[in-house]
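One is the number of the first residue; the rest follow in order along the sequence.
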Amino acid sequence: MKKIFNGLFYVLKYILLIAAFALTLFILIRMNVRLEKDIMSVLPEFIPFAVLLILFIINMFFRQSFVNGNVFYNLTCCLVLSTIVCVSLRSIMDTNMVLNAKYGYGVDFNFFDNFIAYIKIMLYGLSIANVLFMFKKEEKPKKLKNA
């Protein structure tokens, strides 16, 4: 049962990473078009996504079993990335938000802008946990001595 859940969360975290990145990119590009800013101003928001993607690729290529086989880490990745997807979708699709209806942009930029700091915190937290799991040594089971 543990292997089934781990496999499910392992695949789901890659799908959710792509969805979270795409939705965040869509909202930030629309926000910059509205504010008439350069596209380079959104690069700091995508650094945590890039770091996490690089760490996922390293784990996949070097087959780091302690990271890839950790059910709780994979579950946490899925929860964090699904939270980002839910907030992004709510800022796009929730028509009952006051500023969305008032300005008519189709996206509530203020709601999403308030969440950008939390996105960075969660993604950097996942990256730090990934690095810590990468360098954790495998523990050998201790043998009991018969006295």
If only atom types and distance count, is the side chain of [X] paired as donor or acceptor with the main-chain N or O of [Y] below 3.5 Å?
{"X": "Thr83", "Y": "Leu79", "answer": "yes"}
{"X": "Asn59", "Y": "Leu55", "answer": "yes"}
{"X": "Ser91", "Y": "Ser88", "answer": "yes"}

Any heavy-atom pair between the side chains of [Y] and [X] that's under 4.5 Å?
{"X": "Val87", "Y": "Tyr118", "value": "no"}
{"X": "Leu126", "Y": "Tyr73", "value": "yes"}
{"X": "Leu23", "Y": "Ile84", "value": "no"}
{"X": "Phe112", "Y": "Arg90", "value": "no"}
{"X": "Met122", "Y": "Phe115", "value": "yes"}

Nearest-0.5 Å distance that lies between atom [atom1] in [X] and atom [atom2] in [Y]:
{"X": "Asp38", "Y": "Leu43", "atom1": "CG", "atom2": "CG", "value": "8.5 Å"}
{"X": "Asn32", "Y": "Ile27", "atom1": "CG", "atom2": "CD1", "value": "12.5 Å"}
{"X": "Cys78", "Y": "Leu8", "atom1": "SG", "atom2": "CG", "value": "7.0 Å"}
{"X": "Ser82", "Y": "Leu12", "atom1": "OG", "atom2": "CG", "value": "8.0 Å"}
{"X": "Phe56", "Y": "Lys13", "atom1": "CZ", "atom2": "NZ", "value": "4.5 Å"}
{"X": "Ile119", "Y": "Thr24", "atom1": "CD1", "atom2": "OG1", "value": "4.5 Å"}

Identify the heavy atoms of [X] and [Y] that sit nearest to each other, and give their distance.
{"X": "Tyr124", "Y": "Ile47", "answer": "OH-CG2, 3.5 Å"}
{"X": "Pro48", "Y": "Ser127", "answer": "O-OG, 4.5 Å"}
{"X": "Leu81", "Y": "Leu17", "answer": "CD1-N, 3.7 Å"}

Margin query: Classify the ring geometry of Phe9 against Phe5: parallel below 30°, tilted from 30° to 60°, perpendicular beyond 60°.
Written below: parallel
Is it true that [X] and [Y] fall in one hydrophobic cluster, defined by side-chain heavy atoms closer than 4.5 Å?
{"X": "Ile58", "Y": "Phe49", "result": "yes"}
{"X": "Val33", "Y": "Ile92", "result": "yes"}
{"X": "Phe72", "Y": "Phe133", "result": "no"}
{"X": "Ile4", "Y": "Val71", "result": "no"}
{"X": "Leu28", "Y": "Met93", "result": "yes"}

